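As structure tokens, the structure follows; a few thoughts come after it.
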2 protein chains.
Amino acid sequence: MSPKTRNVTQKEIARLAGVSQTTVSMVLNDRDGSNVRIPAATRERVKQAIEQSTYVADPAARRLAGLDNRIMGVFTYEPALSPESMDFYGPLLNGIERAAEEVGCDLLFFTSSPVEDGRRTLFHRKTRLRLADGCILLGQNMDGDDLKRLVDERFPFVAVGRRDETTARVPYVGIDYVSLTAELIRRASELGHREGIYVHRDRNSPTARDRRGQIVTTNESGDIRFTLLAIEENDVSSVVDTLASTGATVVFAEDTFLAEDVALAFIAAGIDVPRRVSLASLAEVRGHRIAGCALTGFQTPRQQIAAEALNLLQRLVITPAEQWSDLDTQLLLDGKLEFGETLVPPDSAS
Amino acid sequence: MSPKTRNVTQKEIARLAGVSQTTVSMVLNDRDGSNVRIPAATRERVKQAIEQSTYVADPAARRLAGLDNRIMGVFTYEPALSPESMDFYGPLLNGIERAAEEVGCDLLFFTSSPVEDGRRTLFHRKTRLRLADGCILLGQNMDGDDLKRLVDERFPFVAVGRRDETTARVPYVGIDYVSLTAELIRRASELGHREGIYVHRDRNSPTARDRRGQIVTTNESGDIRFTLLAIEENDVSSVVDTLASTGATVVFAEDTFLAEDVALAFIAAGIDVPRRVSLASLAEVRGHRIAGCALTGFQTPRQQIAAEALNLLQRLVITPAEQWSDLDTQLLLDGKLEFGETLVPPDSAS
DNA sequence: CTGAAAGCGCTTACAG
DNA sequence: CTGAAAGCGCTTACAG
């Protein structure tokens with residue numbers, strides 16, 4: 001099958017240098033401890049021989065002999081390198097690549113995973129997972145069972161984005177949306193807003209709950225009174241009525257697509273954004289514009305998240321599983337408020 | 001170092017199923033030839049045991065035992081996943097990913113390669129190259145020595161883009177710029193152009209020679225007479241004088257950046273493009289515009305190139321090195337003419 | 001039909 | 001200080 005061009009091995013180097021294969025291995029790995037002390041002379045001889053050959057250690061053999069491989073897996077449920085997904089994955093992959101360079105490991109993309117129902121399967125008869133020392137999981141939504149099984153099997157992995165699809169304690173690196181949401185609310189409050197609407201999709205993901213929770217908390221403390229408006233599909237039409245009935249001066253939307261839809265609904269109804277009503281997205285806005293104004297929202301450090309994920313993974317890999325509980329395996333990074341131009345004082349129209 | 005969570009092995013499966021480890025291996029690999037005939041009963045028993053365990057073959061061991069790994073390496077001299085390089089690498093990576101899915105192999109990015117002078121090194125003391133069955137090489141310019149060594153060592157690899165940095169026969173997949181250039185010249189000739197300028201960087205890369213060669217050939221046959229204008233750095237100012245002195249009605253530029261610079265020089269000199277002088281790039285134009293007009297040039301199927309490269313690599317991997325000479329290892333794919341709006345009949349101004 | 005054995009290239013105790 | 005030996009998990013002749 002494989003041509004497997006016969007490569008130079010330690011054995012041959014040993015023959016050339018007139019030493020044993022063990023010695024070659026020792027020299028190669030700088031094993032020079034209490035029990036082993038190789039004189040500079042032989043050491044040099046071996047190095048010479050290596051230099052003159054094209055010798056390169058066979059990573060498969062190293063791996064089999066118990067060393068780690070410095071290979072980190074990257075798993076995505078969809079193709080990660082397609083033009084469509086680049087918008088989402090691009091910054092993440094970049095962060096991972098940079099961190100990998102620093103850590104000094106290679107990246108294995110599991111492109112061979114069989115596709116079922118349009119999604120790649122992580123576990124299957126011939127999972128390649130174990131070729132890697134550990135694995136980064138990327139994707140908008142992940143399979144709870146997969147996460148659980150990874151935890152159960154004590155395979156080192158880190159999810160990008162906060163995860164609690166399962167009761168198992170999933171290592172992840174995500175964004176602290178609670179603080180971001182709180183800060184945005186504070187800013188709105190400072191500007192004088194007292195009555196708001198929170199438009200959301202009524203999802204049950206961790207980040208959705210984080211945001212909603214903070215909105216609810218605010219309602220209890222009372223800075224701004226929020227009406228929660230759960231919408232189905234993308235039908236945001238009800239927001240116009242709600243605006244009228246509540247007299248709200250500001251609308252927060254769970255994500256940027258939603259914010260955009262809300263803006264369109266307002267504009268269609270002849271309601272001026274942001275003068276009659278302020279608008280903000282509780283998500284990455286990345287230069288989004290609404291009626292010519294930069295949308296207010298968050299800036300999430302995606303590259304950094306991904307890089308931190310790889311670093312955390314590295315820590316897991318070099319730590320025996322029994323001590324994982326000592327590690328901080330659920331990290332939330334700070335995002336930044338992107339103030340934009342769509343959050344203005346109420347009654348800016350008059 | 002590595003936690004190396006003890007994994008289920010064939011030995012344990014064997015114990016569970018009450019057979020020998022050899023048998024497990026046989027079942028796993030569907031080895032059912034003339035010498036081996038495993039009755040459905042035992043086969044089933046083994047499969048059961050596997051099903052109930054979390055068994056997964058250790059790829060390192062498989063590899064060591066001589067099987068291929070279904071891992072293809074991807075090597076780039078610069079970071080491939082950075083935002084800046086995405087423009088160039090994006091389509092290529094996408095093509096590779098898609099082909100990898102089809103072939104059923106994983107992709108190993110050699111992010112661990114030590115960086116020297118701002119470039120990653122392919123060969124170094126701990127090359128991981130051999131972890132992969134073969135390798136795709138990506139990049140604008142590659143190291144001739146690297147290519148030679150890969151050929152010498154008979155390591156399966158394929159370069160993306162035509163290569164002849166070395167005398168060794170490098171497997172590659174590239175674009176047929178000769179035909180594209182010829183076609184563009186034919187179109188210009190049909191439009192009535194007789195006098196032209198070819199602005200180039202005087203480089204010695206294969207694709208540069210392909211284009212220039214075709215221009216020179218044209219000069220010999222005589223459809224259009226081209227003045228070759230080699231420019232240094234990006235100083236295209238001489239093109240204006242050359243236009244005046246030759247009375248050329250069309251300018252071809254070696255690449256799109258150059259075409260853009262030439263256009264700017266003309267416009268600055270009050271020369272109307274394309275009415276006074278037509279302009280075309282002998283490279284990918286991808287919706288580039290010159291003074292509001294779509295630039296004439298080529299369309300190069302980058303995703304397809306990359307996909308073909310992976311397919312060729314796969315062929316190399318499964319073919320013993322001795323038979324590589326039977327394979328067609330240097331492929332040129334057809335590009336397409338992107339006619340655009342900057343190649344018009346001469347004297348369109350009058 | 002099935003298993004014991006050798007071997008892939010390496011590392012690491014363990015004896016000299 | 002150095003080498004012979006065992007072992008990592010697998011495959012594949014080779015004997016039963």
Side-chain angles (χ1 to χ4, degrees), chain A residues 1-15 17-46 50 53-70 126 128 130-131 133, chain B residues 1-15 17-46 50 53-70 125-128 130-131 133:
Chain A
M1 193 65 172
S2 162
K4 201 70 154 67
T5 20
R6 163 96 27 278
N7 281 320
V8 186
T9 69
Q10 290 187 357
K11 203 198 289 189
E12 294 173 55
I13 300 289
R15 197 172 44 69
V19 297
S20 81
Q21 181 253 324
T22 306
T23 305
V24 176
S25 173
M26 296 297 192
V27 171
L28 237 16
N29 295 302
D30 281 322
R31 288 284 176 279
D32 211 27
S34 43
N35 301 327
V36 266
R37 187 140 294 283
I38 301 171
T42 40
R43 188 176 293 278
E44 207 42 53
R45 202 142 34 89
V46 172
I50 293 171
S53 72
T54 59
Y55 176 81
V56 137
D58 182 335
R62 283 174 69 88
R63 169 73 169 172
L64 200 54
L67 267 59
D68 65 351
N69 245 344
R70 318 234 93 199
K126 303 199 169 178
R128 318 292 296 284
R130 303 229 106 88
L131 230 198
D133 295 337
Chain B
M1 193 66 172
S2 164
K4 201 73 154 60
T5 21
R6 164 95 26 278
N7 282 320
V8 186
T9 68
Q10 288 187 358
K11 203 200 285 188
E12 294 174 55
I13 301 290
R15 196 172 44 69
V19 297
S20 80
Q21 181 253 325
T22 305
T23 305
V24 176
S25 174
M26 297 298 192
V27 171
L28 237 16
N29 295 302
D30 281 323
R31 288 284 176 281
D32 212 27
S34 43
N35 301 326
V36 265
R37 188 141 292 285
I38 301 171
T42 39
R43 188 177 292 278
E44 206 43 52
R45 204 141 33 88
V46 173
I50 293 171
S53 72
T54 59
Y55 176 81
V56 137
D58 181 334
R62 282 174 71 88
R63 170 72 169 173
L64 199 55
L67 266 59
D68 64 351
N69 243 345
R70 317 236 92 199
R125 256 173 51 84
K126 303 197 169 181
T127 327
R128 320 294 295 284
R130 302 230 108 84
L131 233 195
D133 294 337

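Naming: A, B, ... by sequence-line order, numbering from 1 per chain. This is a predicted model, so every value here is computed, not measured. The analysis underlying the following values was restricted to heavy atoms, covering all of them including side chains, and did not include hydrogens, waters or symmetry mates.
- Atom P of nucleotide dG9(D) and atom CD1 of I13(B) are separated by 13 Å, given to the nearest angstrom.
- Along DNA chain C, the nucleotide closest to A61(B) and the one closest to T42(B) are compared, and the more 5′ of them pairs with T42(B).
- Distance CD (Q10(B)) to C1' (dA4(C)): 15 Å, rounded to an integer number of Å.
- Between V24(B) and Y55(B) there is no side-chain heavy-atom pair separated by less than 4.5 Å.
- Atom NZ in K11(A) sits about 15 Å away from atom P in dG3(D), given to the nearest Å.
- There is a side-chain donor-acceptor pair under 3.5 Å between S20(B) and T23(B).
- A 4.5 Å side-chain heavy-atom check between Q10(A) and V27(A) finds every atom pair outside the cut-off.
- Nearest to the side-chain atoms of A65(B) among the listed nucleotides dA13(C), dT2(C), dG7(C) stands dG7(C).
- Across all strands, S25(B) comes closer than 4.0 Å to base atoms (heavy-atom distances).
- Interatomic distance, R62(B) CZ to N29(B) CG, rounded to the nearest 0.5 Å: 5.0 Å.
- Backbone-only contact: A57(B) has heavy atoms under 4.0 Å from sugar-phosphate atoms and none from a base.
- If you measure from atom CD of Q21(B) to atom C1' of dG9(D), you get 7 Å, rounded to the nearest angstrom.
- Atom-to-atom, OH of Y55(A) to P of dG9(C) comes out at 10 Å; the value is rounded to the nearest Å.
- Checking dA4(C) for Watson-Crick or G-U wobble geometry (two distances, each under 3.5 Å) identifies no partner in any strand.
- Side-chain nitrogen and oxygen atoms of S20(B) include none within less than 4.0 Å of the OP1 or OP2 phosphate oxygen of dT2(C).
- Taking atom CG of residue D30(B) and atom P of nucleotide dT12(D), one finds them 12 Å apart after rounding to whole Å.
- Below the 3.5 angstrom threshold, one finds a donor paired with an acceptor across the side chain of T22(A) and the base of dA4(D).
- Distances shown here put a side-chain N or O of R62(A) below 4.0 Å from the OP1 or OP2 atom of dT11(C).
- We find the CZ-CG distance between R43(B) and D30(B) to be 6.0 Å, quoted to the nearest 0.5 Å.
- Pairing partner, dA13(D): none, since no Watson-Crick or wobble contact has both distances short of 3.5 Å.
- Atom CG of D58(A) is separated from atom P of dC8(D) by 18 Å (rounded to the nearest Å).
- Taking only side-chain atoms of L64(A), from C-beta outward, the nucleotide of dT12(C), dC8(D), dC10(C) with the closest atom is dC8(D).
- With rounding to whole Å, R43(A) atom CZ is found 10 Å from dC1(D) atom P.
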